[in-house]
Amino acid sequence: MNAFDTRLISREVVAEGTLAFHFKKPDGFSFKPGQAIDLVLRLPESEGEVARHAFSLVSAPHEDDLVVATRMRDSLYKKTLASLAQGDAVRIEGPFGSLLLHSDRARPAVFIAGGIGITPFMSMLRQAAFENQSRDLSLLYSNRRPEDAAFLDELQELATRNRGIKVIATMTDITRSKRRWDGPTGAINEGLVASVVTRDVNPVYYLVGPPGLVEALRDMLSRVGIGDDDIRSEEFYGY
Ligand SMILES: Cc1cc2nc3c(=O)[nH]c(=O)nc-3n(C[C@H](O)[C@H](O)[C@H](O)COP(=O)(O)OP(=O)(O)OC[C@H]3O[C@@H](n4cnc5c(N)ncnc54)[C@H](O)[C@@H]3O)c2cc1C
């Protein structure tokens, strides 16, 4: 895998307990929306020991920075990530991954994201909007509360500005939210899926999130007759 040295430019809060990290895009680095990188960090108080985690790129290829987003946790890796200062050096390896948007633009895509599983879809949706692509891209996005839903405002804006992009967010634990929410609640189910599938052409389904969620979604799609050939998925371990 290709390795590149880069630096942290900035960070921002994109949901409660969730940060996006912007890195300088190294010369010669190119990727496709949906791909991931390994972010390799030098662990503190160790003699050169490093740790790596995979992160899907949130940024689209046309953007200047490379951006990843993650739920901050108590793991040594995440603590090291949180302690990075602006300008600190890191290594990235990649890109890798085959969760790429299918090339037949006549076939709609249905993206289903659980929580931070939104990241690869951000890159795909940003790129589609940037290129003014006329293809049907629907997103079903599940979170516990609106507070937890990274990039929700941007997604709603993308849907408003682009005819082909549909976004439906649902909250599974809305009673614990302090924010007003007028949208759907409860888990992603057959009804929500049916609400975005409007044409006769079979969509390709993309599932991303923690392994348990991806498995449950795959079972749900299989119950309504969607075969494995029409499903692509990526599991984010560690949640
Ligand atoms: C292709 C890909 C893209 C990803 N993109 C993102 C992203 O955009 N944002 C994001 O937040 N996370 C992403 N992840 C998950 C990410 O790499 C971390 O695993 C996650 O953030 C948890 O890290 P942690 O330090 O909080 O937990 P950790 O302490 O690393 O892990 C917690 C638990 O999960 C187990 N675990 C960790 N990794 C694996 C593994 N690969 N296989 C099996 N068990 C494992 C550990 O053994 C431990 O029990 C991605 C993973 C993959 C494979």
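Read the numbers this way: they start at 1 and go in the same order the structure lists the ligands and their atoms. Position 1 is the first residue of the sequence, and the numbers go up from there.
Summary of contacts: the protein heavy atom closest to atom 8 (O) of ligand 1 is T119 OG1, 2.8 Å. The shortest contact between atom 29 (O) of ligand 1 and any protein heavy atom is with S75 CB, 3.5 Å. Ranking the protein heavy atoms by distance from atom 1 (C) of ligand 1 puts E234 CD, 3.6 Å first. Among all protein heavy atoms, the one lying closest to atom 28 (P) of ligand 1 is H53 NE2, 4.1 Å.
Distance screen at 4.0 Å: atom 13 (C) of ligand 1 has a protein heavy-atom neighbour inside the cut-off. When distances from atom 26 (O) of ligand 1 to the protein are checked, a heavy atom turns up under 4.0 Å. Within the 4.0 Å cut-off (strictly below), no protein heavy atom is located near atom 47 (O) of ligand 1.
One finds no salt bridge joining R42 and E49 here, because no Lys/Arg side-chain nitrogen approaches an Asp/Glu carboxylate oxygen to under 4.0 Å. A salt bridge links R218 to D228: at least one charged side-chain nitrogen sits closer than 4.0 Å to a carboxylate oxygen. One finds no salt bridge joining K178 and E147 here, because no Lys/Arg side-chain nitrogen approaches an Asp/Glu carboxylate oxygen to under 4.0 Å.
Under the 4.5 Å side-chain criterion, counting only non-hydrogen atoms from C-beta, F21 is in contact with L19. In this structure, L207 and I231 have side chains that are in contact, with non-hydrogen atoms separated by less than 4.5 Å. At least one side-chain heavy atom of M122 sits less than 4.5 Å from a side-chain heavy atom of E154. Residues P33 and P61 meet the side-chain proximity criterion, which asks for heavy atoms closer than 4.5 Å.
The heavy atom nearest to atom 16 (C) of ligand 1, considering only A54, S98, G238, G34, is found in A54. For atom 38 (N) of ligand 1, the choice among F96, F236, Y239, Y237 with the nearest heavy atom turns out to be Y237.
Heavy atoms of S56 found under 4.0 angstrom from ligand 1 belong to the backbone as well as the side chain.
For I116, the heavy-atom gap to ligand 1 drops under 4.0 angstrom. Ligand 1 is approached by A69 to a heavy-atom distance shorter than 4.0 Å.
Taking every non-hydrogen atom of R73 and a distance limit under 4.0 Å, the qualifying atoms of ligand 1 come out as 26 (O).
Of the N or O atoms in K78, one or more lie within a sub-3.5 Å distance of an N or O in ligand 1.
A pairwise comparison of heavy atoms in M171 and P146 identifies SD-N, 3.3 Å as the closest pair. Looking at every heavy atom in both residues, L101 comes nearest to M124 through N-CE, 4.1 Å.
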